[in-house]
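Worksheet: the structure to be examined is printed underneath.
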Number of protein chains: 2
Amino acid sequence: MRVRKSAEARKTEIINATLRLADKLGPDRLTTEAIADAVGLTQPGIFRHFPKKQDLWEAVAARVGSMMETRWEKARTDDALATDRIRALISAQLRLIQSTPAIPAILFSRELHSKNKGLRSAFFGLMSRFHRLIADLVTQACAAGELRNDFDPDDAAFIIIGLVQGLAVRWSISGRNFDLTEEGSRLLELQLKGFALGRGSGNGERNVS
Amino acid sequence: MRVRKSAEARKTEIINATLRLADKLGPDRLTTEAIADAVGLTQPGIFRHFPKKQDLWEAVAARVGSMMETRWEKARTDDALATDRIRALISAQLRLIQSTPAIPAILFSRELHSKNKGLRSAFFGLMSRFHRLIADLVTQACAAGELRNDFDPDDAAFIIIGLVQGLAVRWSISGRNFDLTEEGSRLLELQLKGFALGRGSGNGERNVS
DNA sequence: TCCTAGTTAGTGTTCAATCACTAATTAAGA
DNA sequence: TCTTAATTAGTGATTGAACACTAACTAGGA
């Protein structure tokens, strides 16, 4: 029984299945056949919608990109302390990773690192934008006296992103045996305390969970 | 004209070529044929020395492991401040990565993540040992009053490792357009300053490069 | 001479990709 | 409004390339 759907609808189905399976099988073991099975098509059917497999990956990158941008936007509109907006941003990012674990998997895949140049630059662009967001918030926090200002906000942002990435790697390698968001919040507190003005600046006991 | 070498010598040749090519082609695009070409053998010649390709990867892991342990050992014997030993350790690790860029590549390969369980546990063990080394040094630094002691040394170690990993990812994705060791030293200083006792603890101007 | 590093020739499998074709859907015109 | 032409989603069969791995043979050197 053939189920015919609009190209639009199929494309989203295929992208969703790819994200799900990229997590389950790993981005590099993922075959067009597996995707086809998941959406109920034959293997060549995939190629009607994405002429090359690379095209599929690029569509996935675009999807992931818009997921990120959406959440970043939401985290940004919070009008609180700049440091709280950093917390919100990192927390949003960690929740996204936790709910879409294919993201770090793709970030470390051969598909990205050695095969697909488009995919690589898409993710590089995302990372750069994320970096800018954080660096700007750090700058604001410094200006508002929430953080010291004897360091380069870009460096601070790199460190914070490293925190997220290190966490994602450990989470992934460990078989995901801890809560990403929770662990991340704890480490971020430690990190922000390090960037904060003087010792005992009053929020040492801050509890975020 | 055939050049015959001892199995021992060939094995090291093959492992070296694998490390070189794993960087150049990516660990997952690396074929036995490419390796054979590099060492001047025919493709099946490889299988005389490593009956399965997995065996080759495990030998590579062992080699990388011993490279790391050697450098860690060297960094440890430095009898200075505990924080200086952290600096030495991280710097040694970054120099190793810079001179053997296949290491992060392997760490993110499908070979490790989904195919080769032995490889995965070898690297997992290495990461754990690295973490323990740093956590212990942090503990010592806290005890010696070089760092605050209002945080968990394990957390601090995770953050420091995250710094290294984030750096490695960025280095790799960016096409290696910056000096890993230099950038790492700068970020580590910022990080250690955050862990240090009180503000202006005197080493803010420390220069490590 | 005999052990073993290395070769030549070949197999089985896994995939992306292609091609000729069919069935469902849409739209035009009498 | 109903027939029919055009479009587009999907299929079945297959192909060709890439690769790990094998078996049987060959030659180098203590």
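Bear in mind the structure is a predicted one, so any value in this text is a computation, not a measurement. Proteins come first, then strands; the chains are lettered A, B, ... in the order of their sequence lines, and each starts at number 1.
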Query raised in the report: Does one side chain, of B:Thr139 or B:Asp136, offer a donor that lies under 3.5 Å from an acceptor on the other?
Result: no
Requested in this report: Would you mind reading off the distance between A:Ile14 atom CD1 and C:dA16 atom P, rounded to a whole angstrom?
Outcome: 14 Å
Query raised in the report: In chain order, what residues pass the ring pair (Phe, Tyr, Trp, His ring centres under 6.0 Å) check against B:Phe158, with sequence neighbours excluded?
Result: B:His131
Requested in this report: Indicate yes or no for a side-chain donor-acceptor contact from A:Thr100 to the backbone of A:Ile97 under 3.5 Å, with no hydrogens or angles considered.
Outcome: no
Dump the pairs, protein N or O against N or O of nucleotides 5-8 of chain D, anything under 3.5 Å, distances to one decimal.
unit_1: D:dT8; atom_1: O2; unit_2: A:Arg4; atom_2: NH1; d: 3.2
unit_1: D:dT8; atom_1: O2; unit_2: A:Arg4; atom_2: NH2; d: 3.2

Query raised in the report: Does a nitrogen or oxygen in the side chain of B:Thr42 sit under 4.0 Å from OP1 or OP2 of C:dG6?
Result: no
Report summary line: A:Phe47 meets the ring pair (Phe, Tyr, Trp, His ring centres under 6.0 Å) criterion, sequence neighbours left out, with none
Query - Separation of atom CG in B:Asp37 from atom P in C:dT7, rounded to whole Å - result: 11 Å
Are any protein N/O atoms closer than 3.5 Å to N/O atoms in nucleotides 15-21 of chain D? If there are, list each pair with its distance.
unit_1: D:dA20; atom_1: OP1; unit_2: B:Lys53; atom_2: NZ; d: 2.5
unit_1: D:dA20; atom_1: OP2; unit_2: B:Thr32; atom_2: N; d: 3.0
unit_1: D:dA20; atom_1: OP2; unit_2: B:Thr32; atom_2: OG1; d: 2.9
unit_1: D:dC21; atom_1: OP2; unit_2: B:Lys53; atom_2: N; d: 2.7
unit_1: D:dC21; atom_1: N4; unit_2: B:Gln43; atom_2: OE1; d: 2.6
unit_1: D:dC21; atom_1: N4; unit_2: B:Gln43; atom_2: NE2; d: 3.2

Report task. Could you state the atom-to-atom distance from CG of B:Leu41 to C1' of C:dA5 in whole Å? Result -> 9 Å
Requested in this report: Report yes or no: does A:Trp171 contribute a side-chain atom to a donor-acceptor pair with the main-chain N or O of A:Phe178 at less than 3.5 Å?
Outcome: yes
Query raised in the report: Does C:dG6 have OP1 or OP2 sitting under 4.0 Å from an N or O in the side chain of B:His49?
Result: yes
Query raised in the report: Can you list the residues that meet the side chain to side chain contact (heavy atoms under 4.5 Å, CB included) rule with B:Glu146, with sequence neighbours excluded?
Result: B:Leu81, B:Ala82, B:Thr83, B:Ala141, B:Ala144
Query - Which residues share a ring pair (Phe, Tyr, Trp, His ring centres under 6.0 Å) with B:Phe130, sequence neighbours left out - result: B:Trp72
Query - Distance in angstrom units between B:Glu13 CD and C:dA5 P, rounded - result: 14 Å
**Report entry** Pair A:Gln140-A:Arg85, side-chain donor/acceptor within less than 3.5 Å
**Finding:** yes
Requested in this report: Return the value, rounded to whole Å, for the distance between atom CD1 of B:Ile46 and atom P of C:dA5.
Outcome: 13 Å
Report task. Give the rounded distance in Å between these two atoms: NZ of B:Lys11 and P of C:dG6. Result -> 12 Å
Query raised in the report: Could you state the CD-P distance from B:Glu8 to C:dC3, rounded to the nearest angstrom?
Result: 21 Å
Query - Side-chain donor or acceptor of A:Arg29 paired with backbone N/O of A:Lys24 under 3.5 Å - result: no
